Amino acid sequence: MKRRGDQIVMVTAYDAPAARLADEAGIDLILVGDSAGKRVLGYGTTLPVTMDEMMVLVGAVCRGARRPLVIADLPFGSYHLSDEQAVSNSIRFVKEAGASAVKLEGAGPMLQRVRAIVDAGISVMGHIGFTPQSAAVLGDMEAQDHTAVQARRLYDDALDLQAAGCFSMVLDIVPSRVAARITETLRIPTIGIGSGPGCDGQLLVWHDLLGMNPGRVPRFVKHYADVAGEMRRGLAGFASEVRSGAYPAEGHSYVIGDAEFRLFDDELSQPSAAD
Ligand code: KIV
């Protein structure tokens with residue numbers, strides 16, 4: 001797709017129905033991101049998300065998606081300790097949950113993790129720029145400095161990750177012109193999130209793009225639907241009809257014939273086996 005100049009479309013998803021919808025919509029790549037921590041598991045950050053939690057979500061997405069490539073996000077602490085830990089958790093994602101590839105954050109010391117996982121035969125997507133697992137060090141995602149020195153570091157990191165064997169890379173809140181330059185230079189495709197139109201593809205988080213995020217959304221997010229509004233309307237409608245007695249109506253109920261009901265009544269007049 002990069003060679004043809006076709007834009008690659010990627011979304012996050014965390015369950016089978018969402019994966020099925022993404023597949024039907026012709027989405028190319030699904031990331032089962034550790035953004036699940038905030039979006040579906042109720043944590044304040046991505047940091048508490050565990051491998052076991054991710055395994056459930058990745059398995060569900062893999063069962064729902066047939067065509068898109070499913071990429072499992074290695075959560076914080078699941079690849080930091082050693083190459084062995086990184087390889088073993090990547091194998092779990094691929095072998096037990098059915099993922100096609102894994103993603104990890106950062107370059108520098110993480111390059112050897114990428115090499116180790118690729119050597120084990122598993123495809124790795126890189127992730128540079130704003131890396132949410134390091135938010136405690138980096139600070140607010142939209143308040144990042146954009147200096148020439150940082151741009152150069154990102155550029156070098158991108159080349160290093162490609163050399164280490166990544167098949168693709170997320171550029172997360174990288175200034176547009178820097179992202180475009182990295183994209184022109186790399187052989188592998190870049191997927192931008194908040195990184196402008198010069199990337200090989202674009203990624204948005206499920207809840208953000210569908211208007212299901214109750215919190216503050218960063219400025220690069222565009223809402224393509226108001227799913228939370230629809231859900232609120234549906235839930236309020238259900239509550240109001242249950243309370244008024246309008247639901248369930250006759251058509252929503254199941255019937256037993258008169259004769260069978262009479263027999264049932266007769267049964268009730270007999271002592272039960274327990275008596
Ligand atoms: O966890 C996630 O969804 C991510 C994307 C924001 C890149 O890592």
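Just so you know, ligand 1 is whichever comes first in the structure, and atom 1 is the first atom listed for that ligand. Just so you know, these numbers come straight off a predicted model, no measurement behind them.
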message: For the CD1 atom of I30 and the CE atom of M10, what is their distance to the nearest 0.5 Å?
response: 9.5 Å

- prompt: Would you call the rings of Y14 and H207 parallel, tilted or perpendicular if under 30° counts as parallel and over 60° as perpendicular?
  reply: tilted

Are the side chains of [X] and [Y] in touch, meaning some heavy atoms are under 4.5 Å apart?
X: D226; Y: E230; result: no
X: Y79; Y: V102; result: no
X: S90; Y: L74; result: yes

Return a yes/no value for [X]: is any of its N or O atoms, backbone included, closer than 3.5 angstrom to an N or O of ligand 1?
X: Y14; answer: no
X: T12; answer: no
X: D172; answer: no

task: Could you list which atoms of ligand 1 come closer than 4.0 Å to a heavy atom of G33?
output: 1 (O), 2 (C), 3 (O)

So which heavy atom in the protein is nearest [atom], and how far is it from that ligand atom?
atom: atom 8 (O) of ligand 1; answer: K103 NZ, 3.0 Å
atom: atom 6 (C) of ligand 1; answer: I193 CD1, 4.0 Å
atom: atom 5 (C) of ligand 1; answer: L31 CD2, 3.8 Å
atom: atom 2 (C) of ligand 1; answer: S35 OG, 3.2 Å

task: Check for a donor-acceptor pair, side chain of Q133 on one end and backbone N or O of E105 on the other, with a separation under 3.5 Å.
output: no

query: Backbone, side chain, both or neither: what part of D73 comes under 4.0 angstrom of ligand 1, heavy atoms only?
result: side chain

message: Please classify the L203 to ligand 1 contact at 4.0 Å (heavy-atom distances, strictly less than): side chain, backbone, both or neither.
response: side chain

- line: Paired with I191, the side chain to side chain contact (heavy atoms under 4.5 Å, CB included) test is passed by just one of Q7, Q202, M125, M169, namely M125

